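Here the structure is laid out as structure tokens; the discussion comes afterwards.
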Amino acid sequence: MIKRLLIANRGEIAIRIARTCRKLGVRPFGVYSEADRSSLHVKYCDEAIDIGGRLPSESYLRQEKMIDAAKKLGCDAVHPGYGFLSENPSFARACRKSGLVFVGPPIKALELSGDKVKAREAASRVAPVVEGKEVRSVKEASRFASKEGYPIIIKAAKGGGGRGLRIVKSSGELKRAFESSRSESLLSFGSPRVYVEKYIERTRHIEVQILADEERTVQLGERECSVQRRHQKLIEETPSPALDKGLRERMSSVAIAIMEEVGYENAGTVEFLFSDGRFFFMEINARIQVEHPVTEAVTGVDIVQEQLLVASGKGLGIGLKDVKPKGHAIECRINAEHPLTFVPYPGRVEEFSPPSSAGVRVDTFVYPGYAIPPFYDSLLAKLICKGKDRIEAMDRAKNALTAFRIAGIPSTIPFHISALNDRRFVRGAYDTSFVEGVKNYATREGEAAAAIFSQLPKKANLVQEERDQWMDSRFDWVVG
Amino acid sequence: MKVEVNGNGYDIVLRGRSALINGREVETKRKGDTLVIGCKEYRLDFFEGSLMIVNGTAYVISEATSSRSRGPEVRAPIGGKVIGVFVKEGQEVEEGAPLLVLEAMKMENQIKAPMAGRVRKVLVSRGQSVIAGDALMVFG
């Protein structure tokens with residue numbers, strides 16, 4: 001079994017991984033950037049090394065710094081978490097070269113799933129896929145569009161997390177979209193390669209959680225991930241209200257077939273587009289995902305534990321028959337963002353009191369007084385609520401959101417309250433366009449809001465001034 | 001004072017321990033960041049620019065002013081780097097038309113026209129860094 005694990009990540013996922021380490025008797029070790037000296041994940045590790053830098057490109061994306069840290073700390077394995085180096089085959093290779101176990105899929109499977117074009121090809125042998133191809137010029141993209149018809153979607157071949165994604169509705173938008181997709185892809189993933197697909201409107205995103213070792217590929221049910229803004233997820237739930245028993249069985253067996261086709265091991269996800277009762281392969285996410293706790297809530301499986309067991313060569317700890325999802329779970333991503341425009345807002349969290357009650361789990365790294373650094377993603381906390389059925393899960397989520405207090409910076413809590421009160425969500429009848437139609441909830445108390453506003457001192461924008469000072473002193477807006 | 005909340009107007013008159021809201025008198029009491037109105041407590045979580053969050057609910061709020069001589073401004077909702085400007089001074093735009101792109105936290109954030117009208121002044125240029133609240137453009 002792995003004895004000393006380097007967690008090559010930060011934030012809530014680093015803490016979440018450390019928690020499972022403690023349970024298994026594995027010693028967790030960490031790294032932190034200059035901007036993360038006061039981050040809580042440092043305290044959850046037995047020891048952590050300052051790797052310097054603030055931008056990801058100077059810190060958490062630096063392979064050699066991670067390998068050095070692992071060696072200095074005497075680690076025998078590295079868990080990359082999500083984002084950063086998690087799906088980087090060259091990092092997995094570097095780990096292996098240094099005698100470190102990489103907690104993730106085999107390098108070949110990582111390479112295949114990381115190249116969206118090749119992954120599509122492999123999946124198309126066992127699963128339905130949407131029309132699409134790699135394009136090297138606007139001309140090629142335009143030829144594809146005139147054959148398939150608009151709208152089309154441009155995606156980064158090495159992409160993920162919505163970066164580089166552009167929906168093109170007409171030929172007039174194609175050039176700008178193609179170019180900005182390429183430049184964002186280059187900036188985010190180091191490769192300007194893009195491919196185009198026919199864009200299906202009014203779809204849902206549904207993904208299947210897979211766990212695999214050398215012998216078996218097991219599925220832990222699906223997650224419905226259609227509540228998104230800018231192609232990044234805000235709410236996930238399991239099971240999906242869109243699938244019946246037959247569809248669920250078909251989707252999960254196709255997901256297993258895809259993962260077997262690419263020789264997958266460890267934890268991973270197969271993402272599908274779902275529209276009008278049909279589903280199409282979208283991509284493989286070769287990592288632990290942000291939204292994994294909803295699956296844990298209904299299956300009782302600790303996915304990180306399974307990752308560590310498989311990486312240690314012990315094989316899956318769960319039997320095929322062990323996975324019987326029970327109840328319903330919903331995750332709300334609480335981000336440091338304007339709740340109406342979703343523009344990120346880094347800054348100091350004056351107050352932070354997460355809710356706690358039956359069926360409620362909060363994964364976070366935030367504490368009162370903590371300043372959210374502007375260099376990384378805006379996730380503050382994940383609120384996961386479980387109930388015996390969907391209604392109970394929604395009720396618990398609404399109550400928990402109302403009790404969750406974050407002050408000093410705005411968060412997406414108001415959005416989630418609005419979303420959970422939206423009729424379409426309540427009925428389970430929503431698709432990826434849901435967020436655009438969410439009406440701001442509880443405007444009934446406009447009178448009270450006006451009264452509070454009138455009582456605020458004239459210099460009420462103190463928070464703003466403090467933030468500006470803080471940003472001026474700590475941040476130069478160079479994004480690598 | 002006239003206050004606009006999510007598009008609705010309210011008349012507020014403060015009178016020590018009470019307030020007249022649209023002519024109706026209610027008792028108010030302040031306790032730190034909490035305001036008690038009648039018998040309900042309202043906690044102020046966040047206030048900046050036109051965004052106010054109270055008890056986990058978001059309000060778009062501003063003091064209603066009658067004179068708009070300077071013309072409405074478009075302000076930066078977050079600090080970042082301007083990586084593209086789509087409009088020129090004097091240009092007529094429709095509501096929701098993309099005005100510029102701000103890059104922050106590795107995301108490209110498109111700033112859209114809050115209303116239909118003429119862009120009178122463009123105050124920033126490509127490559128420039130701005131902080132939250134900076135005026136980017138003036139309409140009118």
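Scope of the values below: all heavy atoms of this structure, side chains included, with no hydrogens, waters or symmetry mates. A quick note: this is a predicted structure, and the numbers were derived from the prediction, not measured. In what follows, every chain begins at residue 1, and chains take the letters A, B, ... in the order their sequences are listed.
- Heavy-atom distances place both the backbone and the side chain of A/I413 under 4.5 Å from chain B.
- A 6.0 Å sphere centred on CD of B/E27 holds no more than 12 heavy atoms belonging to other residues, nucleotides or ligands.
- Interatomic distance, B/E48 CD to A/H338 NE2, rounded to the nearest 0.5 Å: 9.0 Å.
- Rounding to the nearest 0.5 Å places CD1 of A/I452 at 10.0 Å from OG1 of B/T28.
- For A/I406, the part sitting under 4.5 Å from any heavy atom of chain B is the backbone (N, CA, C, O) and nothing else.
- Residue A/K398 places its NZ atom among more than 12 non-hydrogen atoms of other residues, nucleotides or ligands, all under 6.0 Å distant.
- For A/T402, the part lying near chain B is the backbone, with the side chain staying farther off; criterion is any non-hydrogen pair under 4.5 Å.
- Only the backbone of A/S411 comes within contact range of chain B, with heavy atoms under 4.5 Å apart.
- Around the CD atom of B/E94, the shell of radius 6.0 Å holds no more than 12 heavy atoms that belong to other residues, nucleotides or ligands.
- Contact count versus chain A (heavy atoms, under 4.5 Å) is highest, among B/L14, B/N22, B/N55, B/I61, for B/I61.
- Among the candidates B/V60, B/L51, B/V101, B/I53, the residue making the largest number of heavy-atom pairs closer than 4.5 Å to chain A is B/L51.
- Between A/A451 and B/I21, the closest heavy-atom pair is CB-CD1, 3.8 Å.
- Pairing each heavy atom of A/A450 with each of B/V5, the nearest pair is CB-CG2, 3.8 Å.
- Smallest separation of non-hydrogen atoms from A/P339 and B/A58: CG-CB, 3.7 Å.
- For A/R176, the CZ atom sits in a loose shell: 12 or fewer heavy atoms of surrounding residues, nucleotides or ligands are nearer than 6.0 Å.
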Working for ring-ring contact (aromatic ring centres under 6.0 Å, His included), residues A/Y345 and B/F46: CA-CA 12 Å; A/Y345 256 83; B/F46 182 79; 5.7 Å; yes

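- Two residues are said to be in side-chain contact when any heavy atoms from C-beta on lie closer than 4.5 Å; B/R24 and A/E447 meet this criterion.
- Under a 3.5 Å cut-off, the side chain of B/N6 and the backbone N or O of A/G446 do not form any donor-acceptor pair.
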(message) Between A/L187 and B/E103, is the side chain to side chain contact (heavy atoms under 4.5 Å, CB included) condition met? List the steps.
(response) CA-CA 12 Å; A/L187 185 78; B/E103 191 180 88; 3.7 Å; yes

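- Here the OG atom belonging to A/S454 is positioned 11.0 Å from the CG atom belonging to B/D11, to the nearest 0.5 angstrom.
- Contacts between B/L44 and chain A at a heavy-atom distance below 4.5 Å involve backbone atoms as well as side-chain atoms.
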